[in-house]
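Contents: one structure, followed by commentary.
A note on names: the letters A, B, ... follow the listed sequences, proteins ahead of strands, and every chain is numbered from 1.
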Amino acid sequence: MIEGGWAYVYAAYAVTGLALAGAALVVALRARHWAKQARKLDTTANRPNPGPASNP
Amino acid sequence: MSVRLIAKSLELARGGRTLFRDLSFTAEQGSFVEIRGPNGAGKTSLLRALAGFLRLSAGVLRFEGAEEPFLTLHFLGHQNGLKGAASADAHVRYWAGLFGGAGGGVLERVGLARAKDLPARVLSQGQARRLALARLVTARRPVWLLDEPAAALDGNGRGLLAELIADHCNTGGLAFAAVHEPLGVASSLTVSLGGG
Amino acid sequence: MNPFLATFRRDFALHWAGGGVLAPLGYFLGATLLVPLAMGPERTLLAAAGPPLIWIAAALAVLATLERVFQADLEDGSLDQMLLSPAPLEALVLAKGAALWIAVGVPIVLAGAPAAVALQAPPERVAAIVASLGLGLAAFIGAGLVGAAVTAGVKRGGVLIALIVVPFFAPPIIFGSAVASGDDIDAALSVLAGCALGAVALGPIAAAAALRLQAE
Amino acid sequence: MISYLANPARFMALSAWAAPLCAVIAAILFAAGAPWGLFYSPAEQFQGETVRIMYVHVPAAWWSLGIYAFMGGASLVSLVWRHALADIAARAAAPIGAVFAGVCLVTGSIWGAPTWGTWWEWDGRLTSMLVLFVIYLGYIALWAAIEDEERAGKLAAILCLAGLINLPIIKFSVDWWSTLHQPASVFRAGGSSIAPAMMGPLLTMAGAYLFLFGALALSNMRASIQRRRVERSRMEGGA
């Protein structure tokens with residue numbers, strides 16, 4: 001019977017949580033960034049304002 | 001073998017940009033077709049599409065009188081397709097094997113007989129282009145697709161080019177050339193791209 | 001002379017031009033030299049672990065030659081001409097692979113004999129090692145053709161090829177090293193032959209598909 | 001179905017609600033599966049508590065293979081039917097597969113540490129997973145190295161299929177290799193010998209990983225489609 005198993009278990013769950021949450025965060029940030037860019041593109045496209053186009 | 005090339009409403013888009021649309025023409029056997037247009041208008045892409053390297057976005061391309069289109073054509077691009085370390089003669093022997101031709105007396109025809117054993121890297125730009133032209137006569141193929149063939153050719157080099165094209169067309173061949181200024185061969189058809 | 005032989009002769013000749021096989025062969029011997037430098041000259045240790053490490057040196061030597069196999073043809077326009085040949089592109093790719101195997105592979109295989117002895121392989125096993133290297137090199141090149149073709153358009157794609165192709169090298173290295181360390185040599189040799197045949201059969205097909213895309 | 005999804009506009013409309021839905025389902029399944037596995041499932045007679053690592057390790061192992069198979073399918077669709085969306089799907093899935101493979105490797109070595117006495121043991125299964133991890137890196141690196149996006153997609157598809165064909169051969173040779181050098185590894189990581197009481201949390205966690213993959217892949221795809229639209233409009237001097 002392996003003693004002190006809980007330390008290993010918590011380590012494994014912590015690493016998994018960090019990796020998956022980290023990946024989710026990166027994906028979410030990237031998705032939000034490009035959604036914003038696309039929205040900005042739509043607003044300038046169908047509202048041709050006289051002002052200079054706001055290039056990012 | 002008489003070959004006719006029929007193009008119906010060809011369209012090509014690269015990276016989201018449409019190069020040309022609704023391009024139709026028919027090239028009869030024995031004719032020389034000039035392809036004109038500013039840089040970036042898609043002249044090279046059109047030639048590569050005719051050669052079958054590039055997939056068209058739309059349109060129908062038909063080689064009448066030829067069972068396998070890619071076996072009936074020669075392609076001369078911007079690069080000469082030469083290996084610096086191989087001699088001029090080695091190139092002709094390689095092309096004779098690759099395309100299935102005899103390859104006799106070819107270097108004489110393009111005026112490179114003396115440079116027979118020189119490795120391609122020591123040839124001048126003009127000589128290298130002449131060696132590339134030699135490929136066209138190494139194996140007899142009815143359709144020639146030439147992308148700015150006169151590039152890097154001097155006076156009598158252009159004369160040789162015009163002679164080769166004229167001979168080819170007179171003996172039932174068909175030639176396309178993307179050009180910026182005339183090659184000295186009467187063109188029976190001009191396809192112009194990128195008018196916009 | 002048919003297109004296959006013409007392509008084979010040309011590539012074989014080009015491998016010999018410009019110092020030819022000296023570089024890959026020298027690199028193979030140099031990489032083999034690193035083994036005792038890393039593990040120490042102690043003979044019993046080397047005898048126990050040395051011989052299989054020839055395979056790392058052989059893999060590195062092959063990887064070093066892959067980058068220019070198709071990149072040169074793409075850059076100088078030769079690929080367009082290969083597409084216009086009556087012979088299928090797969091056959092021409094196979095011809096280039098065969099030229100690489102004979103011009104570069106065979107010298108490395110032959111140099112494998114002294115290298116094996118140097119790494120304290122028992123003399124009676126050297127013949128099996130050389131045979132296995134011959135098959136292994138064919139497997140490496142078969143897989144390497146795919147890596148070289150998909151990265152042909154990438155400048156300085158050498159490191160990228162190494163990364164892409166390393167997983168495909170795993171089976172030949174496993175069975176090749178088993179022969180080198182003397183574990184049931186016959187079984188390992190036969191599976192290695194299987195790997196080589198598989199790579200030689202499938203590699204050119206995938207590589208030709210990739211090259212057609214490169215020419216677009 | 002494939003051609004239905006092939007049109008980016010329809011895909012964007014569909015994924016607008018599908019991605020968050022998958023995220024919610026994944027969150028629920030994680031919230032249910034993790035505590036279930038940690039506190040409400042039995043320890044194991046020999047391994048003790050460390051068997052609970054199975055609930056994060058095994059699903060990662062299953063899905064890193066599953067995602068690569070998904071990429072293989074997308075690559076086939078991309079090469080045969082030439083759908084641009086298939087390339088985007090495969091590219092969106094690859095980094096997630098790599099993360100799952102990485103999680104599988106780390107949790108596998110943590111799980112094995114008490115019995116092996118070292119942090120990394122060249123066990124057959126973990127070694128195959130390491131090779132799969134390198135295959136993922138190669139695929140992602142190829143995409144990154146090629147400028148022309150359309151060509152990169154098709155070339156990556158060819159590489160992915162070549163890898164898919166090689167996976168069983170690699171698995172076979174690594175297994176043969178691991179039995180050659182040391183006896184079959186002591187702990188049973190998966191397969192039929194899992195106690196019924198452990199199947200509940202395991203399948204829940206497997207579902208959680210799957211829906212997490214769904215959410216991340218769909219949002220990656222949405223981002224790629226929008227990025228291409230923005231860059232293309234910049235190219236035409238629009239923005």
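- The contact between D/Ile158 and chain C is made entirely by side chain atoms (from C-beta outward), counting heavy-atom distances below 4.5 Å.
- For the side chain to side chain contact (heavy atoms under 4.5 Å, CB included) test with C/Ile161, the passing option among C/Leu66, C/Val69, C/Val166 is C/Leu66; the others fail.
- Using a 4.5 Å cut-off between heavy atoms, C/Val165 makes no contact with chain D at all.
- With respect to the salt-bridge test (charged N to carboxylate O, under 4.0 angstrom), the residues C/Glu90 and C/Arg212 qualify.
- Heavy-atom distances place the side chain of D/Phe172, and not its backbone, under 4.5 Å from chain C.
- Ranking C/Asp183, C/Thr151, C/Val154, C/Ile174 against chain D, the residue ahead of the rest is C/Ile174, based on heavy-atom pairs under 4.5 Å.
- Environment of CH2 in D/Trp63: sparse, with no more than 12 heavy atoms of neighbouring residues, nucleotides or ligands closer than 6.0 Å.
- Of all heavy-atom pairs spanning C/Met39 and C/Gly50, the tightest one is CE-N, 4.5 Å.
- Contact annotation for C/Leu202: only side-chain heavy atoms (C-beta onward) come within less than 4.5 Å of a heavy atom of chain D.
- With chain C as the partner, the residue from D/Ile146, D/Leu142, D/Val131, D/Leu161 showing the most heavy-atom pairs under 4.5 Å is D/Leu142.
- Only the side chain of C/Leu160 comes within less than 4.5 Å of a heavy atom of chain D; its backbone N, CA, C and O stay farther away.
- Here C/Pro167 is the residue among C/Ser177, C/Pro167, C/Gly147 with the most heavy-atom pairs under 4.5 Å with chain D.
- In this structure, chain C has a heavy atom under 4.5 Å from the side chain of D/Ile165, while its backbone stays farther away.
- Looking only at heavy-atom pairs under 4.5 Å with chain D, the residue among C/Val146, C/Ile164, C/Asp184, C/Val191 that has the most is C/Ile164.
- D/Arg227 has a carboxylate O that lies under 4.0 Å from a charged side-chain N of D/Glu149, or vice versa, which qualifies the two as a salt bridge.
- Expressed to the nearest 0.5 Å, how far CH2 of D/Trp176 lies from NZ of D/Lys171 amounts to 15.5 Å.
- With no hydrogens or angles considered, no side-chain donor-acceptor pair links D/Arg229 and D/Gln226 at under 3.5 Å.
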